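Within every chain, numbering begins at 1; the chains are lettered A, B, ... in the order of the sequence lines, protein sequences first and strands thereafter. Predicted, not measured: the structure shown is a model, and the values here were computed from it.
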2 protein chains.
Amino acid sequence: MQGLTELLKGSLEGIVLQHISCGETYGYEITHYLIDLGFEDIVEGTVYTVLLRLEKKGLLTVERRPSDLGPQRKFYQLNDAGADYLATFWKKWAFLVDKMAILEGEQKNDNSK
Amino acid sequence: MQGLTELLKGSLEGIVLQHISCGETYGYEITHYLIDLGFEDIVEGTVYTVLLRLEKKGLLTVERRPSDLGPQRKFYQLNDAGADYLATFWKKWAFLVDKMAILEGEQKNDNSK
DNA sequence: CCTCCTAGATAGTGATACTAAGTAGTGAAT
DNA sequence: ATTCACTACTTAGTATCACTATCTAGGAGG
């Protein structure tokens, strides 16, 4: 799916947080997970900037450990603040999904006189 | 609901288009419709900028007509391009909702050894 | 005259995803 | 040995978008 850029604003952060909440992981893995999920146009740069932002917000714990395949990996885990933030995110998302469903269900009222 | 700003990026455009598709309307009415829907923090300035953007994209037909209550109203209707654009928007939205549901369903896999 | 409601426009700001380019480690192919 | 491919992270710059704040303006009521 293409042209999701604007819709992803705000959601991508939650998407990344949610994936990290499933277990410790790192940027490169997250990127390929998202591509496999169907977000084909996501590139590494995008994911890394999200991760750095989440880290600056104090939502993640970070640990660098060597990889057996390449450079060091930067492993992330959710901390308590991250879990709270993620819970709030899902509430907002549920609100939006609910309102969008209401809107989508509304039919065209014929204004022809 | 507060703090929806980032999540609304990309969706607000579709929300406004969808409402217009239900019948000819104008900015002030749209604003109050959205507030009533639950988007309490939406203000007029935001809606007008969305409308001007949609107009520049060639998705709306515009007609100014006097109001019996105040200044002239600027009435909007979807044109064919707008209808196409809206259909594409709903496909993108459905894609995102689907992926988010998959993500939300994934449980924490316990990494404790 | 003043206030409130109706109705629209716009310059400036901040947040975000994306573009594009770079650095670096490892291993396989040539 | 050199090149290529894959792994892994960083960052400067850009475009888009919602929001802030302020402005103009018409009409109704006090």
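The phosphate of C/dA7 has OP1 or OP2 within less than 4.0 Å of a side-chain N or O from B/Ser67. Neither OP1 nor OP2 of C/dG8 sits under 4.0 Å from any side-chain N or O of B/Tyr28. At D/dT10, one or more side-chain N or O atoms of A/Arg64 fall inside 4.0 Å of OP1 or OP2 (strictly under the cut-off). Distances shorter than 4.0 Å separate none of the side-chain N or O atoms of B/Arg73 from OP1 or OP2 on D/dG26. For the pair B/Lys74 and C/dA9, the criterion of a side-chain N or O lying under 4.0 Å from OP1 or OP2 is met. Considering only side-chain N and O atoms, A/Lys56 lies nowhere under 4.0 angstrom from the phosphate OP1 or OP2 of C/dT16. At D/dC17, one or more side-chain N or O atoms of B/Lys57 fall inside 4.0 Å of OP1 or OP2 (strictly under the cut-off).
In this entry the distance linking CD of A/Glu29 with C1' of D/dT7 reads 13 Å, nearest Å. Rounded to an integer number of Å, the gap from CZ of A/Arg53 to P of C/dA15 is 10 Å. We find that CG of B/Leu12 is positioned 13 Å from C1' of D/dT16, with the value rounded to whole Å. Atom CG of A/Leu54 and atom P of D/dT10 are 13 Å apart (whole Å). Summarising the geometry, the separation between OH on B/Tyr76 and P on C/dA7 is reported as 14 Å, rounded to the nearest angstrom. B/Gln2 places its CD atom 19 Å from the P atom of D/dA18, with the value rounded to the nearest Å. Atom pair A/Glu63:CD and D/dC9:C1' shows a separation of 17 Å (rounding to whole Å applied). Distance A/Leu69 CG to C/dG27 P: 8 Å, rounded to the nearest Å.
Judged by distance alone, the side chains of B/Glu13 and B/Tyr85 do bring a donor and an acceptor atom under 3.5 Å apart. With no hydrogens or angles considered, no side-chain donor-acceptor pair links A/Glu106 and B/His19 at under 3.5 Å.
When each of A/Asp68 and A/Asp41 is assigned the nucleotide of DNA chain C with its nearest heavy atom, A/Asp41 is the one assigned upstream, toward the 5' end. Where A/Ser11 and B/Tyr26 meet DNA chain C, the nucleotide closest to each residue was compared, and B/Tyr26 sits on the side nearer the 5' end. For A/Thr49 and A/Glu6, each mapped to the nucleotide of DNA chain D holding its nearest heavy atom, the one lying further toward the 5' end belongs to A/Thr49.
Here the side chain of B/Thr46 is nearest to one of D/dC19, D/dT11, C/dA7, namely D/dC19. Among the nucleotides D/dA8, D/dC19, C/dT10, the one closest to any side-chain atom of A/Tyr48 is D/dA8. The nucleotide whose nearest atom lies closest to any side-chain atom of A/Ile42 is, among D/dT16, D/dA18, C/dC18, C/dC18. Listed nucleotides D/dC17, D/dA8, C/dA7 differ in distance to A/Glu44; the shortest reach to its side chain belongs to D/dA8. When distances run from any side-chain atom of A/Leu8 to the nucleotides C/dA17, D/dT7, D/dC17, the shortest one goes to C/dA17.
Remark: aromatic rings of A/Tyr28 and A/Tyr33 are distant, center separation not under 6.0 Å. Taking the ring centroids of B/Tyr26 and B/Tyr48, they lie at or beyond the 6.0 Å cut-off.
Contacts of A/Gly10 with the nucleic acid, taken as non-hydrogen atoms under 4.0 Å apart, involve only primed sugar atoms and P, OP1 or OP2. Looking at heavy-atom distances under 4.0 Å, B/Gly45 makes contact with a base.
Under 4.0 Å is where a charged nitrogen must lie from a carboxylate oxygen, and between A/Glu24 and A/Arg73 no such pair does. Salt bridge present: B/Glu63 and B/Arg65 bring a charged side-chain N and a carboxylate O closer than 4.0 Å.
If you check distances only, the side chain of A/Lys9 never reaches the base of C/dA15 with a donor-acceptor pair under 3.5 Å.
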